[in-house]
Amino acid sequence: MAKGITKRSQDYSRWYQDIVLRAELADYAPVKGCMVIRPYGYAIWEKMQATLDARFKETGHVNAYFPLLIPEEFLRKEAEHVEGFSPECAVVTHAGGSKLEEPYVIRPTSETIIWSMYRKWIQSYRDLPLLINQWCNVMRWELRTRLFLRTTEFLWQEGHTAHATEKEAEAETRQMLEVYREFAEGTMAMPVIRGVKTEREKFAGALRTYTIEAMMQDRKALQAGTSHNLGQNFAKAFDVDFLDADGERKLVWASSWGVSTRLIGALIMAHSDDNGLVLPPRLAPIECVIVPIYRSDEEKSSVLEKANQVWKALSAKYSVKLDDRDQCKPGFKFSEWELKGVPVRIELGPRDVASGQVVLVRRDNGEKQSCALDSVVESVERALEEVQQGLYHRRWISGRATPAKLTVTMSSRNSSGTTAGSP
RNA sequence: CGGGGCGUAGCGCAGCCCGGUUAGCGCGCCUGCUUUGGGAGCAGGAGGUCGCCGGUUCGAAUCCGGCCGCCCCGACCA
């Protein structure tokens, strides 16, 4: 049915690539290991950002921006950190036409430059907690890359918090993991398992790394988000202390946490099928598409008139596309919007105009139903909700069905034990 | 870093083994007409430094040497 998409059963990895390229989510960039996130893919990221950012604000965080370039010596200040990140750092050695005295590292993560600033900003317990997030790009020189799942440069958010007590830092670390879990399950419709990374797999420089892992359709787990309790490691490395209420000078406690554009890869692998992308309504750039059907000019004008009414009614609440391209046949449009993962399609032809109905089709299961024109908004609302819930339950059930053999595809280090334990 | 594959029109490929008119095919694109409830048909048209450098030859997309790039699998990787 779908032209040019490899079947999952044939070659899962090719299928994944086909979806990304054909649905125009991303494309290969001229630079090895880098990708261009195309408008349709970026729109998904923007929706993810909007939802997460609102949650970060609700939990007391503020956004800021730190530089892309980090003095190389900063990385060296924390022993585990430098050991973990050095091999994958890109280093700038020349600028302004001459060799630099001190090379700069292109950030693989921002703990060091942020804590160099926190040292200036934190003096008293009254300055704590400090709860800052930043949305940015980072670069890690990976040997093997895959679109969205692991690219040399990627987009993410990184939260960096400073606290007066160990207990508070631990509570923050767990709270943010919970924010990620809610997002994955509620917004992405993707069930996750919470866990603690092993000593080998934890963040380089952390006391402890909590993770959410999602089950993909190839029965492999994917690391979807991590939250680190950094203890006092960075406070020690950057000499960040504060004067507490009891008059004592104490080291600051820290957390950091992040999710990246890898989530788009997770989203694809969680829900999509052999006909293309399948998107949960809460992240779909286009929630509903209207495909008009007509033969004669006469039919065209009456159908388009109704289609425009429907579009107008739905637009007040949803992101709706009226596909009135004259040069494409309806069948072509059906396939194309399925490929692009639009959750709900409305078909509207002469027969529907005559009977005061539209045909409503769900992307997740292909179910068609007729519904009355004058209650189309309610019908779409219900259908979108059903798709959102339906996707979650389908993933939940299939995740349940295959828990025995968990292997880990794209998370770090070894390939077992990643999901052990529970926070 | 190992193994494999690829590089010829925007995309996908054939041609190469066995050198020889003007380098083909499908899709897409442009124009026109007919079409339109599951990826339309016909006619006409535009589009090429055959990855790069060198060599062999009267003649190289094709043979030889070197280089570059990308993709896939594995190893590695918060």
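As the structure is a prediction and not an experimental result, all values here were calculated from the model. Each chain gets a letter, A, B and so on, in the order its sequence line appears, and its residues count up from 1.
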- Item | Length of the CG-P vector between Asp297(A) and C33(B), whole Å | 12 Å
- In terms of heavy-atom contacts, Ala266(A) and Leu149(A) come closest through N-CD2, 4.2 Å
- Task: Step through the shown structure and confirm whether more than 12 heavy atoms of other residues, nucleotides or ligands are within 6.0 Å of OH on Tyr104(A).
- Result: no
- Query: At under 4.0 Å, does any side-chain N or O of Lys329(A) touch on OP1 or OP2 of A40(B)?
  - Reply: yes
- Query: If you check the Tyr28(A) side chain, which of U36(B), G37(B), C72(B) turns out closest?
  - Reply: C72(B)
- Item | Residues His228(A) and Thr209(A): side-chain donor-acceptor under 3.5 angstrom | yes
- Query: Regarding Ser110(A) and Gln134(A), is there a side-chain donor-to-acceptor distance under 3.5 Å anywhere?
  - Reply: yes
- Does the cation-pi check pass for Arg345(A) over Phe334(A), that is, NZ or CZ under 6.0 Å from the six-membered ring centre and within 45° of its axis? yes
- May I ask you to decide whether Asp273(A) forms a salt bridge with Arg363(A), counting only side-chain N to carboxylate O separations under 4.0 Å? yes
- Write down the distance between CD (Glu142(A)) and C1' (C76(B)), rounded to a whole number of angstrom. 9 Å
- Query: To the nearest angstrom, how far is Gln17(A) atom CD from C11(B) atom P?
  - Reply: 16 Å
- Query: Mind pulling the stems RNA chain B is in, i.e. runs of at least three Watson-Crick or G-U pairs, everything under 3.5 Å?
  - Reply: B:1-7 with B:68-74, B:10-13 with B:24-27, B:29-34 with B:40-45, B:51-55 with B:63-67
- Item | Heavy-atom closest contact (Ser255(A) atom, Ala169(A) atom, distance) | CB-O, 4.2 Å
- Query: Quick one: is the NZ or CZ of Arg55(A) closer than 6.0 Å to the six-membered ring centre of Phe183(A), and within 45° of its axis?
  - Reply: no
- Query: How long is the line joining CD of Glu298(A) and P of U36(B), in whole Å?
  - Reply: 15 Å
- Residues from residues 224-233 of chain A sitting under 4.0 Å of RNA chain B, heavy atoms only? Thr226(A)
- Query: So, is Arg144(A) close to the C77(B) phosphate, meaning a side-chain N or O under 4.0 Å from OP1 or OP2?
  - Reply: no
